[in-house]
Q: 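Could you have a look at this structure, given as structure tokens, before my questions?
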Amino acid sequence: MADKIDLLDIEVWDGNMAASQAMRQAQIDVVAAYPITPSTPVVQNYSTFLANNQIDGEFVMVESEHAAMSGCVGASAAGGRVATATSSQGFALMCEVLYQASGMRLPIVMHVVNRALAAPLNVNGDHSDMYLGRDSGWIQADAFNAQEAYDLGLMAFKISEDHKVRLPMMIHQDGFMTSHTAQGVKTLSDDVAYNFIGEFKPMNAMLDLDRPATHGVQTEEDYHYEFKARQHHDLMTFAKAKTQEVFDEFETLTGRKYSMIQEYDMEGADIAIVCMGTSVETARLVATDMRTKGIKAGVIGIRIIRPWPFEEIKEALKDVKAVAALDRSSPNGALGMLYNELAGCLLQNAKPSILSNYVYGLGGRDLTKDNIKQVFTELKANADTGKLTTPTQQWISLNGEALNFF
Amino acid sequence: MLEIRWYSRAGQGAVTGAKGLADVVSTTGKHVQAFAFYGSAKRGAAMSAFNRVSDEEILTHEKYMEPNYVLVIDPALTYSTDITENCNEDTVYIITSHLSKEELIKSQPTLEGKKVFVLDCMTIARETIGRAIPNTPMLGALMKVSEMYEMDFFLENMKRVLKKLPQKIIDGNMLAIQRAYDEVN
């Protein structure tokens, strides 16, 4: 039996430690992982816990991230609670197996510490890997700080492993800006945390020899389409409902409130920034500052990226005059992902907000309060004149000539 | 909000120093942030680390900082890096050097007219801890200059932060912090 750890009520942890502690408290059966910057400490801390007899489960060292996710798929199909962590190139190498995990309906939990994708090689935080995973069929949650990486790291098991859901779940956090930034994290004791998550109840476990099950089947045109439709249905209905249910239970337990989208200063807002990751918090500061100057500015942080909170965003933006989508990744050849997703939501509103797109922060480029203030200033001009006063897409803080193609 | 920027070389313990400080400050109920930038740099590469301390929840995640304190724990970085970047006239510099304050300012004229404190963290660390790890001496100097906490309180808490290290190393660090506190000027 693993030794417990007596945690302080508030521990000074970085996002990586917050993720590893949530994994430890979940009493995972199998972790198969291959370390990669900036998520390396998640795996490193976890193996330290193992060496110190603070974990009962197995830790499988593998030769690549493709093997790490394959190991997770095998262990999950066998009937265990399974989790791992990765970043960037490692995430890219896992991609093929990510679709296996979701299609096989395996409730694997993965911490993704977001980092740029090469080339050129860069270890710093942006959302390129997060965007790469958005069609993979996983539930994707985004933490804006270390506290949320811990909280979502606990809640993920409860959401993902629900027998109606049985879909894998990623918890994203910003490389370095969250993963290597130590802040106060309010903890749950080992017992309270584990009781909240609950014991793992396998379904269709391969190691349940009394009830044999087949995993990894083949379907052709006769059934593949219906299978995928059902998978989508379950993600959109069961996963979404369960996520809200777990958020509510967590709020009852801790007082910390989570929702599909997080709204800050949005009451009566004329202008709003929609973004993800640590930028949400920096933008909140600027919005509050704008409010003191009589400018009705607000911020929406996307907490659940998949399933996409279409109705929630529509509702939140219905009276907002001008909106900026801030993308920390540039899907080359198109507008930013958030811009396109938001455009779909806004189109159905009676008075669609004027929408503009900002790419920022690639490869870890700083997003300052001054940058955000500039965005709000441009949004205000859009709101006041009732039309777009800037190019549709701009690149924040890019050295050299300004880029805009839309 | 109190903001501190560290200049160090990877391996000299600025991250540990910044996180250790955050840990101690957190026990007093304040909100803290400690982070660093070193990219994929290897040991010996110049790097910076940062602390923020506030009575309110710290929401900013920008790297941009106008620091109240600049802590330089590698002597050469005073010359090879612009340690005064985005500083203001109230910024306090605590710099490790074998030079006296007058000699140091003469050798780096950008420090002229600034609030500069000097001590030799390298020698202190070598003589107390046995290795040139200048992070904890710098914290002792910061306690003296900033009057942030009583020394007894700080030493007790640093013992807790360092508790996983061998006793001999912990004792060395305690001596180093005290000596830096006494010697900084």
Side-chain angles (χ1 to χ4, degrees), chain A residues 8-15 17 36-38 41 48 52 115-116 118 121-125 144-147 173-186 264 275 277-289 299 361 363-373 397, chain B residues 1 3-6 8 10 13-42 45 47-66 85-86 135 139 157-158 160-165:
Chain A
L8 300 173
D9 291 342
I10 297 177
E11 291 275 356
V12 179
W13 285 342
D14 59 24
M17 180 54 96
I36 179 167
T37 305
T48 303
N52 292 343
R115 164 186 153 183
L121 182 65
N122 180 303
V123 298
N124 293 297
F144 312 152
N145 59 35
Q147 178 75 59
Q173 58 172 283
D174 282 358
F176 291 98
M177 288 159 283
T178 300
S179 70
H180 286 62
T181 298
Q183 290 195 270
V185 175
K186 296 188 186 104
Y264 306 100
C275 58
T278 48
S279 311
V280 175
E281 298 208 321
T282 313
R284 278 174 65 185
L285 273 181
V286 183
T288 304
D289 189 43
V299 176
R365 175 65 50 83
D366 196 13
L367 179 73
T368 64
K369 293 201 285 281
D370 277 348
N371 295 147
I372 296 167
K373 212 158 122 188
S397 217
Chain B
M1 179 139 61
E3 296 185 304
I4 301 172
R5 190 167 69 212
W6 297 66
S8 164
V15 178
T16 312
K19 287 191 174 173
L21 178 63
D23 209 319
V24 173
V25 175
S26 171
T27 60
T28 66
K30 286 186 188 295
H31 294 271
V32 295
Q33 204 181 55
F35 59 103
F37 290 103
Y38 41 85
S40 46
K42 302 296 179 274
M47 57 160 290
S48 41
F50 303 81
N51 281 108
R52 289 191 173 107
V53 177
S54 176
D55 293 327
E56 317 278 322
E57 189 183 358
I58 301 172
L59 291 174
T60 185
H61 290 274
E62 63 182 351
K63 297 169 194 171
Y64 180 85
M65 180 181 279
E66 294 170 16
E85 192 184 9
N86 306 324
N135 57 357
L139 288 174
N157 271 282
M158 279 308 288
R160 177 179 60 77
V161 171
L162 300 172
K163 67 175 185 283
K164 282 177 189 156
L165 297 173

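Proteins get letters first, then strands, A, B, ... in listed order; numbering begins at 1 in each. Note that these values count all heavy atoms, side chains included, but never hydrogens, waters or copies made by symmetry.
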Q: Are there more than 12 heavy atoms of other residues, nucleotides or ligands under 6.0 Å from atom NZ of A:Lys186?
A: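 No, NZ of A:Lys186 has 12 or fewer neighbouring heavy atoms, counting only those of other groups under 6.0 Å.
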Q: Heavy-atom cut-off 4.5 Å, strictly under: side chain, backbone, both or neither for A:Leu8 against chain B?
A: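 The side chain, not the backbone.
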Q: Using only atom types and a distance under 3.5 Å, with no angle test, would you say the side chain of B:Asp23 pairs donor to acceptor with the backbone of A:Val12?
A: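 It does not hold such a pair.
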Q: Atom NE2 in A:His180, atom NZ in B:Lys19: separation rounded to 0.5 Å?
A: 6.5 Å
Q: Mind checking the OG1-CZ spacing from A:Thr278 to B:Phe35? Nearest 0.5 Å is all I need.
A: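 Reported value, rounded in 0.5 Å steps: 10.5 Å.
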Q: Counting distance only, does the side-chain N/O of A:Thr282 pair as donor-acceptor with the main-chain N or O of B:His61 below 3.5 Å?
A: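 Side chain of A:Thr282 to backbone of B:His61, a donor-acceptor pair under 3.5 Å: yes, one is there.
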Q: Please check: side-chain N/O of B:Lys63 versus main-chain N/O of A:Gly364, any donor-acceptor pairing under 3.5 Å?
A: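 Yes, because the side chain of B:Lys63 sits within donor-acceptor range (under 3.5 Å) of the backbone of A:Gly364.
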Q: If you measure from CG on A:Asn145 to CD1 on B:Ile58, what distance do you get to the nearest 0.5 Å?
A: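 With rounding to 0.5 Å, CG (A:Asn145) is 11.5 Å from CD1 (B:Ile58).
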Q: Under a 4.5 Å heavy-atom cut-off, does chain B meet the side chain of A:Asp14, its backbone, both or neither?
A: side chain
Q: Could you state the interatomic distance from CG (B:Leu59) to CG (A:Leu285), rounded to the nearest 0.5 Å?
A: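 Between B:Leu59 CG and A:Leu285 CG, I get 4.5 Å after rounding to 0.5 Å.
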Q: Distance from B:Glu62 atom CD to A:Asp370 atom CG, nearest 0.5 Å?
A: 7.5 Å
